[in-house]
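See structure below.
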Amino acid sequence: MDSGDWRSVAPGYAARSNGQSQSASKSRAAAAVTHIEICASLTPHKADARFPQVPCESCMHDLRQLRDNLDGIRTQLGPRGRDVPWDDLRKLLDERRNLTTQVEQLRAQLKRGSDEIAQLKRAKQPADDAMTAMKAVGDRIRVMDEDLRGLEDRLTGLTLHIPNIPHPSVPKGQDSGDNVEVRRWGTYPTIGGTPRSHWDLGEALGILNFDRAAKMTGARFAVLTGAGARLERALINYMLDVHTGRHGYREVLPPFLVNRASMTGTGQLPKFEEDLFRLREEDYFLIPTAEVPVTNLHREEMLDEPSLPLRYTAYTPCFRREAGSYGKDTRGLIRLHQFNKVELVSFTTPSQSDEELERLTGHAEAILQGLGLPYRVVTLCSGDMGFSAAKTYDIEVWLPSQSVYREISSCSNFQAFQARRAGIRYRPAGGKKEAKPELVHTLNGSGLAVGRTLVAILENYQQSDGTVIIPEVLHAYMGGMTRIQKDN
RNA sequence: GGAGAGGUGGCCGAGUGGCCGAAGGCGACGGUUUGCUAAACCGUUGUAGGGGCUAAAACCUCUACCGAGGGUUCAAAUCCCUCCCUCUCCGCCA
């Protein structure tokens, strides 16, 4: 082959099963479902449990921490917090506290009064005066309660729009130009002549078609056929097998539609609704990533500490509206409204999450290494990170046709951000009497974006005759096929 | 889609208007006993918010929470309405 000998760097893949030890503890944890208080309403006109379900007292930071340390949080957020109306927030927090205190005092009064009435009645004494008085108190409470509810709705609305605080190790910066490269792996392939783009190669090989996808659906969709479809499926199976077999993840096949509460739990809502596809008749959304359903596996649950870390891997298609990306990556498979992805999701204790991010990133890298695709890892700067992340590594694969590294995986530690919004907690094990539930830390990463992996294979393994060599680890998944030729 | 039965704490489960944050059991934690383990016995054990105390906790106190939301009432786990979810039967469907 004429693509160099760098492939020998790649370690061979040996399937082993060491994932079962987790399953027993997992079912224990799954049984430990708890129902926590839910109230805040984002769609206040519909009393439908599918819609809001946002834990109201715990939207972003706990409100006490937010109130006590508003300026500190503002400083830590830096430019990420520029859209937050800090003054309104402070005012709302104070107003809520004042009103809460008043309402609760009135309620205590009402409770005492009602108890007295009960005693009078039992003693067969007249209680009309007390009942009249308590009716007045009750009416006052109802009025104030309504005000308080309005305050809390506004407060929830604000806090749900505050992004996560960057991890201390995250470089400060404005945009992708300030990201920091961490490491590189692999060697660039030697390609005779000018490297062809994957769409050029794929269409010539008869395995990739965009016109027909546009016909049946629209722009930013693709059809894979023949060896192309087979290669996509092979990659999905290879990735899942490595993650379940070698890396110890538990496979999940979740729903591809989720409700509003799940989207809010992981942070896609309320801020990024325009990026999502939504059904017309139901308040369901097509998932933009498996992170959403898989993280929400444990929404509003109490996990056992011994069951942590819980590691899941899931293949799902992903659906994104790509609003605002007009003109970007208009050709090829790089940016589609629908693409396949194998995702890694992890739930850990707070003390383990830093280490888990490194581990998880390594698991994603292992796929690229197995496939012999050159890549680099970059740490996103504070300005380039997603809304919910505390720290993110992007893995970028080498694309010879463009001579650039393109994102193929994004691995993030969300710390307690998603756990707080989604109510995912664990009870610390053992210890002394201290066993207060704590929020877990959640992490996830692509392991990998399948379509982009197919792109990288086509481009990095292209031969001067227009055929494409199939990486060795996929041969078995391809029914023995070792090379993609025209129309196979 | 039609008919019915349900949803209570970490788990199971009692509770049909006040003395119920909720019996009883399981689990967990602490202790007694024990050569060790087990058993037995005694005790503790929900979450969140406000206030007080504090460097912070512990702690004290008030309030809320029995699927969700609303209503009736002086007072709701309990009565009424709407919704969600689960289970059973029928229909339809892969």
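Proteins get letters first, then strands, A, B, ... in listed order; numbering begins at 1 in each.
Listed nucleotides: G50(B), U63(B), G18(B). Nearest to the side chain of Thr100(A): G50(B). Side-chain atoms of Arg427(A) lie closest to U47(B) of the nucleotides C74(B), G18(B), U47(B). Side chain of Arg97(A), nearest nucleotide from G51(B), A48(B), G49(B): G51(B).
For the atom pair Ser307(A) OG and Glu305(A) CD, the distance stands at 9.0 Å (nearest 0.5 Å). Taking CG from Leu151(A) and CD from Glu95(A), the interatomic distance works out to 5.5 Å, rounded to the nearest 0.5 Å. Considering CD of Gln338(A) and CZ of Phe319(A), their distance stands at 4.5 Å, rounded to 0.5 Å. Atom CG of Leu297(A) sits about 10.5 Å away from atom CZ of Arg299(A), to the nearest 0.5 Å.
Positionally, the nearest nucleotide of RNA chain B for Val103(A) lies more toward the 5' end than for the other of Leu110(A) and Val103(A). Nearer the 5' end of RNA chain B, as judged by each residue's closest nucleotide, is the contact made by Gln109(A), out of Gly138(A) and Gln109(A).
Between Arg96(A) atom CZ and G51(B) atom P the separation is 9 Å, expressed in whole Å. As a whole-Å value, the separation of Gln105(A) CD from A64(B) C1' is 15 Å. Distance CD (Glu300(A)) to C1' (G9(B)): 16 Å, rounded to an integer number of Å. The distance from atom CZ of Arg107(A) to atom C1' of G49(B) is 12 Å, rounded to the nearest whole Å. For the pair Arg122(A) CZ and C74(B) P, the interatomic distance rounds to 18 Å; values are reported in whole Å. Distance Ile141(A) CD1 to U73(B) C1': 13 Å, rounded to the nearest Å. Regarding Asn98(A), its CG atom lies at a distance of 21 Å from the P atom of C62(B), rounded to whole Å. Rounded to an integer number of Å, the gap from Arg112(A) CZ to U63(B) C1' is 12 Å.
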For nucleotides 70-72 of chain B, tabulate all protein N/O to nucleotide N/O atom pairs closer than 3.5 Å, reporting atom names and distance.
| unit_1 | atom_1 | unit_2 | atom_2 | d |
| --- | --- | --- | --- | --- |
| G70(B) | OP1 | Arg149(A) | NH1 | 3.2 |

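Listed by first then second residue, pairs satisfying side-chain hydrogen bond (donor to acceptor under 3.5 Å, both in side chains) with a partner in residues 129-146 of chain A read Arg107(A)-Asp145(A), Asp139(A)-Arg142(A), not counting sequence neighbours.
The P atoms of C62(B) and G70(B) are separated by 26 Å, rounded to the nearest whole Å. Nucleotides U63(B) and C19(B) place their P atoms 13 Å apart, quoted to the nearest Å. Nucleotides U34(B) and G46(B) are separated by 34 Å at their C1' atoms, to the nearest Å. Comparing U33(B) with A48(B), their P atoms sit 36 Å apart, to the nearest whole Å. The separation of U45(B) from G52(B), taken at their P atoms, amounts to 26 Å, rounded to a whole angstrom. Taking atom C1' in both A3(B) and C92(B), the straight-line distance is 16 Å, to the nearest Å. Taking atom P in both U88(B) and U73(B), the straight-line distance is 40 Å, to the nearest Å. A gap of 26 Å separates the P atoms of A22(B) and C74(B), to the nearest Å.
Here Arg246(A) does not pair with Asp241(A) in a salt bridge; the nearest charged N to carboxylate O distance is not below 4.0 Å. Using a 4.0 Å cut-off between charged side-chain N and carboxylate O, Arg96(A) and Glu152(A) make a salt bridge. A salt bridge is absent between Glu322(A) and Arg220(A): the closest approach of a Lys/Arg side-chain nitrogen to an acidic carboxylate oxygen does not fall below 4.0 angstrom. Using a cutoff of 4.0 Å between basic side-chain nitrogens and carboxylate oxygens, Glu291(A) and Lys341(A) are not scored as salt-bridged.
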(message) Only Watson-Crick and G-U wobble pairs with both distances less than 3.5 Å should count. Give RNA chain B in dot-bracket notation, marking inter-strand partners with |.
(response) ((((((((.[[[..)..(.....]]]((((((.......))))))(((((((......))))))).[[[[[..)....]]]]])))))))....
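Contacts of Ala108(A) with the nucleic acid, taken as non-hydrogen atoms under 4.0 Å apart, involve only primed sugar atoms and P, OP1 or OP2. Among the protein residues, Met134(A) comes within range of the sugar-phosphate backbone only, with heavy atoms under 4.0 Å from sugar or phosphate atoms but none that close to a base. Using a 4.0 Å heavy-atom distance criterion, Lys121(A) is classed as a base contact.
Using modelled atom types and a 3.5 Å distance limit, the side chains of Tyr393(A) and Glu358(A) yield a donor-acceptor pair. No hydrogens or angles considered: nothing links the side chains of Gln415(A) and Asn164(A) as a donor-acceptor pair under 3.5 Å.
Counting atom types as modelled, Glu104(A) pairs a side-chain N or O with a base atom of G49(B) as donor and acceptor under 3.5 Å.
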